[in-house]
Amino acid sequence: MDTSAWMDVALQKAEESLKAGEVPVGCLFIYNNQVIATGNNTVNETCNATRHAEINCIDQVLKFYVIVTVEPCIMCMSALLQLQIRSIVYGCANDRFGGCISVLEVPKFYDSKIMIQGNIKGEKAMRLLQDFYKGVNPNAPESKVKKGRNTKGTSSTHTENK
Amino acid sequence: MTSPKNVKARKMETATRSWTAKPILSSDFTEAPPLQEVYVGVLKQRKDTSTAIKSISTILPGFAHLKRCSNGKLLLAPLHSDELSREKGHDISLGENQLKTQLKERGFDLSLLEEKFQMTKVPAKAPRTKIQASEASKIWPVNFHPDQTVESLIDGSIFNDDCLYAIERIMSLVIKVARLEAVGDERCTGATAIVDPEDGRILAVAAAKIDRHPMWHAAMLAVDLIARLHGGGAWKLNDEECKETKEQTDAIEEDKFGDESTDPNVTTEDQILKRLRRIKRRYEEETPLCYPKSLASLKFPVQTSLETQVVRKGRRNNGAKIENSRQKECEDNAKKCGPYLCTVLMEPCPLCAMALLHSRVARIFYGTANQSVGVLGSKTILHSVPGLNHRYRVWSGILERECRQIVEEIDARRSRS
Ligand SMILES: [Zn+2]
Ligand SMILES: [Zn+2]
């Protein structure tokens, strides 16, 4: 990671702050050598003394939404809710473990306002799973091939909006 | 080992035990069985009873869980036919005359019965427990064969005193760990121990540390410690605290690489055996794995087997006795928490409960209920939800008072900080 190159970018953000009459601080969140959030102070703009560059970045990363090919399981749903993810878009339903609606409606335990949308290109996601459990992939667990997870032709079609 | 003195000491313990292990069972086992409305024909003469039973059972089979005739009353048919209703898409009830025609058409001798049919309520489903059966038979005599496993869960005889004492000692450790280290929130907090029931070895102990990572609930950490024991692990637990561990991990990584260098998709018998042997060795040399590391200095309870009467055979994966056909299964188990049992301070949240389910834990013992998001009894009973591919057994109430107290203590600590 080239910290000094990234610092140049952060300094640019700080300069933007200065131009806008804010305390000149810039901030970047970097993951895998990519910027995932940028921020500068917006205390004056917002009349809120807490709006430091870092807080603005945090708000940005918390605004991300999750795109996942299969409905998250109960565990992952609980994890996502604890992280206060705003929105989840998934492909096919997860009849085995689904934590949005299929097996257990986890959001209702967390009185959450999360937006959930299902069945976006669900057939394709389902086909991948079916191929995996049919044993096309050598890493597929043997027992599950027989059990045939999600292979009942149920590319369940429901759209959840909560 | 079992000197008379020891036995006496244990007896004392029994007498003073302040808690009971309450099985968390699905409502199928705990609720009063639902009732359904049925038509009943009154026999004119008792001597016709067996003729009538034989005839009605062939014409309108069903009610397998009930005695077909009781006190001169013959069960004829349900008032609401599920089958018919499903066909028509709405609730259909069977009329008395309709039923009479049906019976006559199929050759039932209506003259055996009084002219007017009666309507009554009978248990709709077969009772699952002795308690349900005795409740149900107050309404109508039932056919019931108790399931010994279920009964032993309900009456507590599944555990002997040694076993309960061992569970208590593990929970005492969990309480100690929680008091020292747990950082959770109101939705999930406390500590977890994962134990091999065969020899009672404590494999992993962890305290919640959500101040360090939002997913670091106690059970999530414990599962990753077990993964580490099995040659994996996702989080670099303790590495920042202990250089030694890091070196150890590196050695393990190398070891692992050596094993799988040829083709990661092909696992030979030899490789599996090697791996299992290594796991076995780690069992002996490295357990209990602790997070945070400082917990290793605690005094751990002596090992006692926690096997109960109802134990599946041939499920061990410690290398010595694996058969060819079970290789894959063994290998799968080695990635999970196999037949282990798990002791947690507070009823797990959905994250922890499902993590333990994915990890194939066999039994969970918890101390106190988690009113806000607990899914092993409070908000729902996860292990009775249909469709899941693994079921663990769950008990609550282990050192309940002490556990509740410590949860309050941790809460107070959090609000102070
Ligand atoms: Zn998941
Ligand atoms: Zn949890």
Side-chain angles (χ1 to χ4, degrees), chain A residues 31 58 61-62 64 66 70-85 88 92-112 114 116 129 132-133 135-152 154 156 158, chain B residues 184-189 208 210 213-217 219-220 223 260 263-267 325-336 347-361 370-376 378-391:
Chain A
Y31 177 73
I58 289 167
V61 293
L62 288 179
F64 60 68
V66 173
V70 183
E71 177 188 358
C73 80
I74 295 164
M75 174 183 76
C76 294
M77 201 54 205
S78 174
L80 293 167
L81 287 161
Q82 287 176 51
L83 293 177
Q84 306 193 334
I85 300 298
I88 297 174
C92 63
N94 181 344
D95 295 336
R96 265 296 187 61
F97 307 113
C100 295
I101 186 88
S102 298
V103 175
L104 195 67
E105 203 183 326
V106 182
K108 75 176 179 208
F109 303 138
Y110 287 87
D111 57 359
S112 140
I114 194 164
I116 302 172
L129 283 178
F132 179 79
Y133 287 108
V136 175
N137 185 317
N139 286 327
E142 208 181 328
S143 54
K144 291 213 178 120
V145 178
K146 279 180 221 130
K147 281 180 202 157
R149 177 190 177 197
N150 279 342
T151 50
K152 284 170 266 165
T154 48
S156 311
H158 57 260
Chain B
D185 60 15
E186 65 286 349
R187 286 161 167 169
C188 193
T189 194
I210 64 166
H213 188 301
M215 297 297 104
W216 284 5
H217 295 207
M220 294 289 280
V223 166
E260 288 158 13
D263 180 351
N265 291 334
V266 179
T267 331
S325 60
R326 292 185 56 245
Q327 268 185 32
K328 191 79 182 169
E329 192 194 326
C330 285
E331 207 204 357
D332 280 349
N333 266 341
K335 289 179 203 157
K336 294 165 185 153
E347 181 185 356
C349 77
L351 174 74
C352 293
M354 197 62 190
L356 294 170
L357 194 136
H358 283 316
S359 306
R360 304 285 199 276
V361 161
N370 176 350
Q371 306 290 354
S372 76
V373 292
V375 291
L376 301 184
S378 293
K379 286 289 179 182
T380 186
I381 297 174
L382 180 68
H383 51 294
S384 77
V385 169
L388 294 170
N389 67 340
H390 173 73
R391 290 186 200 289

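Below, chain A is the first sequence line, B the second, and so on; all start at residue 1.
- With a 4.5 Å cut-off on non-hydrogen atoms, I210(B) does not touch chain A at all.
- Interface residue V103(A): backbone and side-chain heavy atoms are both found under 4.5 Å from chain B.
- When heavy atoms are compared at a cutoff of 4.5 Å, C76(A) does not approach chain B at all.
- Heavy atoms of other residues, nucleotides or ligands lying less than 6.0 angstrom from CD of E186(B) number more than 12.
- With contacts defined as side-chain heavy-atom distances shorter than 4.5 Å, the pair S378(B)/F109(A) does not qualify.
- Of the atoms belonging to C349(B), it is side-chain heavy atoms, and not backbone ones, that fall under 4.5 Å from chain A.
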Go through C188(B) and Q82(A) one step at a time and tell me if the side-chain contact (heavy atoms from CB on, under 4.5 Å) criterion holds. CA-CA 11 Å; C188(B) 193; Q82(A) 287 176 51; 5.9 Å; no
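- For the atom pair F97(A) CZ and H390(B) NE2, the distance stands at 10.5 Å (nearest 0.5 Å).
- In terms of heavy-atom proximity, R96(A) sits nearest to L388(B) at O-CD2, 3.3 Å.
- For the atom pair I381(B) CD1 and L104(A) CG, the distance stands at 11.5 Å (nearest 0.5 Å).
- If you take OG on S78(A) and NE2 on H217(B), they are separated by 7.0 Å, rounding to the nearest 0.5 Å.
- At a 4.5 Å heavy-atom cutoff, the contact between I74(A) and chain B is made by backbone and side-chain atoms alike.
- For the atom pair CE (M220(B)) and CE (M75(A)), the distance works out to 5.5 Å, reported to the nearest 0.5 Å.
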